[in-house]
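Along the sequence shown, residues carry numbers from 1. Keep in mind the model is a prediction, meaning the values are calculated, not measured.
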Amino acid sequence: MKIAVFGGTGSTGLRLIDKLLGRGHEVYAYARSPEKLYPMEHDRLAVVEGTLDEREKIRGTVDGMDAVISLLGPSGRVKRQTLSEGVINIVETMGETGTKRFVGITTSIVKDPNDEKDYRRNAVASALRLGFANNQREIERMATAIRTTDLDWTVVRAGFLTDKAEKPLKIGYLGKHEVGMSVSRASVAQFLADLAETNDYVRESPVVSN
């Protein structure tokens, strides 16, 4: 498969790219700072240097892909809507080029109609809205941009990411299933790779935890 990865220079993204290459896929990593991918080199890894506002470059990257994976998300306090605008450019150009499978990741704070009341989540969400209101708005805008498309999308909602070893995942919805508040990056990378290869959880937003 040919798989484009956005946001692949972080800890989870590097693990994902390594897994995709290990499974024999061709990986096209779109990155603002390609040097963050090195010393990772592989004959099936192509690096595309670009920013999220370069729509034509994004179009050229997603065109002809079997799947697109986005790990884009805020790593500090958000001041502008750069990430959500980038996600909009990705999903819109996918629609224009006919690329259908999209897998993205967001936080478990993002609501889903399948959720029921979960007091832990509500407490965390309230705290984040007080201290990181712009971050929360940006994350929700990204999720909405994905969910309102006709793509075969899956939005994976993850809690606190850890550097622990890969473990079996609990997958479900808040208030309905026994999903926790944290998950290892290795486990998330494995799940994202699995989703790119299948049509599991299409137009769903499951929560994952260990």
Side-chain angles (χ1 to χ4, degrees), residues 4-13 16 30-33 50-59 61-62 65 67-97 99-115 117-118 120-161 173-175 179 181 183 185 188 191-192 195-196 201-208:
V5 177
F6 291 81
T9 58
S11 296
T12 308
L16 170 65
Y30 190 97
R32 182 182 62 181
S33 304
T51 57
L52 294 176
D53 59 355
E54 294 184 85
R55 189 180 176 96
E56 289 307 310
K57 189 172 286 188
I58 291 172
R59 182 201 302 272
T61 303
V62 303
M65 293 295 112
V68 174
I69 305 176
S70 170
L71 298 99
L72 296 171
S75 57
R77 288 186 180 274
V78 170
K79 296 180 179 179
R80 295 180 295 174
Q81 295 180 328
T82 304
L83 292 173
S84 59
E85 291 295 335
V87 168
I88 290 170
N89 283 334
I90 293 168
V91 296
E92 286 185 352
T93 54
M94 286 180 66
E96 293 163 4
T97 58
T99 302
K100 296 292 291 182
R101 187 64 170 128
F102 178 92
V103 179
I105 184 169
T106 187
T107 71
S108 57
I109 304 305
V110 172
K111 294 181 180 179
D112 186 89
N114 291 306
D115 292 336
K117 286 186 178 180
D118 186 285
R120 291 178 305 168
R121 176 210 169 276
N122 291 342
V124 173
S126 297
L128 289 176
R129 288 192 183 99
L130 287 174
F132 297 89
N134 288 340
N135 290 48
Q136 186 61 23
R137 281 192 288 269
E138 182 74 338
I139 290 168
E140 290 174 349
R141 189 168 185 252
M142 291 165 63
T144 299
I146 298 164
R147 288 165 162 173
T148 52
T149 69
D150 292 327
L151 302 178
D152 294 335
W153 57 263
T154 303
V155 175
V156 177
R157 295 182 293 157
F160 298 107
L161 294 171
Y173 289 88
L174 297 173
V179 288
M181 299 292 289
V183 63
R185 290 180 172 86
V188 170
F191 189 52
L192 295 176
L195 290 173
Y201 298 99
V202 167
R203 302 213 170 100
E204 293 187 48
S205 302
V207 175
V208 295

Engineer: Can you measure from OH (Y173) to OG (S205) and round to the nearest 0.5 angstrom?
Structural biologist: 6.0 Å
Engineer: Any chance the side chains of R59 and T93 put a donor and an acceptor closer than 3.5 Å?
Structural biologist: no
Engineer: Checking E204 now: which residues fulfil salt bridge (Lys or Arg N to Asp or Glu O under 4.0 Å) with it, not counting sequence neighbours?
Structural biologist: none
Engineer: Kindly write out the residues that satisfy ring pair (Phe, Tyr, Trp, His ring centres under 6.0 Å) with F191, not counting sequence neighbours, or none if the list is empty.
Structural biologist: Y201
Engineer: Could you tell me whether the side chain of L174 reaches within less than 4.5 Å of the side chain of V179, counting heavy atoms only?
Structural biologist: yes
Engineer: I need the minimum non-hydrogen distance between V110 and A143, along with the two atoms involved.
Structural biologist: CG1-CB, 3.9 Å
Engineer: Mind checking what makes side-chain contact (heavy atoms from CB on, under 4.5 Å) contact with S33, not counting sequence neighbours?
Structural biologist: E35, K36
Engineer: Any chance you could lay out the side-chain contact (heavy atoms from CB on, under 4.5 Å) test for V202 and W153, step after step, and finish with the verdict?
Structural biologist: CA-CA 5 Å; V202 167; W153 57 263; over 6 Å; no
Engineer: I'd like to check the salt bridge (Lys or Arg N to Asp or Glu O under 4.0 Å) partners of D112; sequence neighbours left out, ordered by chain and number.
Structural biologist: R147
Engineer: Quick check for you: to the nearest 0.5 Å, what is the distance between M142 atom CE and T106 atom OG1?
Structural biologist: 6.5 Å
Engineer: What are the two closest non-hydrogen atoms of A145 and I88, and how far apart are they?
Structural biologist: CB-CG1, 3.7 Å
Engineer: Looking at CG of L151 and CD of E92, how far apart are the two atoms once the value is rounded to the nearest 0.5 Å?
Structural biologist: 10.0 Å
Engineer: In Å and rounded to the nearest 0.5 Å, what is the CE to CD1 distance from M94 to I146?
Structural biologist: 10.0 Å
Engineer: Under the criterion salt bridge (charged side-chain N to carboxylate O under 4.0 Å, His left out), I'd like the reasoning laid out for K111 against E140: C-alpha separation, chi angles, the key distance, then a yes or no.
Structural biologist: CA-CA 8 Å; K111 294 181 180 179; E140 290 174 349; over 6 Å; no
Engineer: Step by step, would you call S84 with R141 a side chain to side chain donor-acceptor pair (under 3.5 Å)?
Structural biologist: CA-CA 6 Å; S84 59; R141 189 168 185 252; 2.6 Å; yes
Engineer: Drop me the distance from N89's CG to E96's CD, to the nearest 0.5 angstrom.
Structural biologist: 9.0 Å
Engineer: Should F6 and V62 count as side-chain neighbours, where that means a heavy-atom distance under 4.5 Å?
Structural biologist: yes
Engineer: I'd like to check the side-chain contact (heavy atoms from CB on, under 4.5 Å) partners of I105; sequence neighbours left out, ordered by chain and number.
Structural biologist: L71, A158, V188
Engineer: Please find the pair of heavy atoms, one from S108 and one from G159, that lie closest to each other, and give the distance.
Structural biologist: OG-CA, 3.7 Å
Engineer: Holding to salt bridge (Lys or Arg N to Asp or Glu O under 4.0 Å), I want the full list of residues that pass it with R185, two or more places apart in sequence or in another chain.
Structural biologist: D163
Engineer: Any side-chain heavy-atom pair from T107 and R157 closer than 4.5 angstrom?
Structural biologist: no
Engineer: Side chains of F102 and M65, heavy atoms from C-beta outward: is any pair under 4.5 Å?
Structural biologist: no
Engineer: Can you tell me how far apart CD1 (I90) and CG (L52) are? Round to the nearest 0.5 Å.
Structural biologist: 6.0 Å
Engineer: Tell me, please, which residues at least two apart from T51 pass side-chain contact (heavy atoms from CB on, under 4.5 Å).
Structural biologist: R32, D53, E54
Engineer: What pairs with T154 under side-chain hydrogen bond (donor to acceptor under 3.5 Å, both in side chains), at least two apart in sequence or on another chain?
Structural biologist: R101
Engineer: Restricting to side-chain contact (heavy atoms from CB on, under 4.5 Å), what partner residues turn up for A196, sequence neighbours left out?
Structural biologist: I3, A67, I69
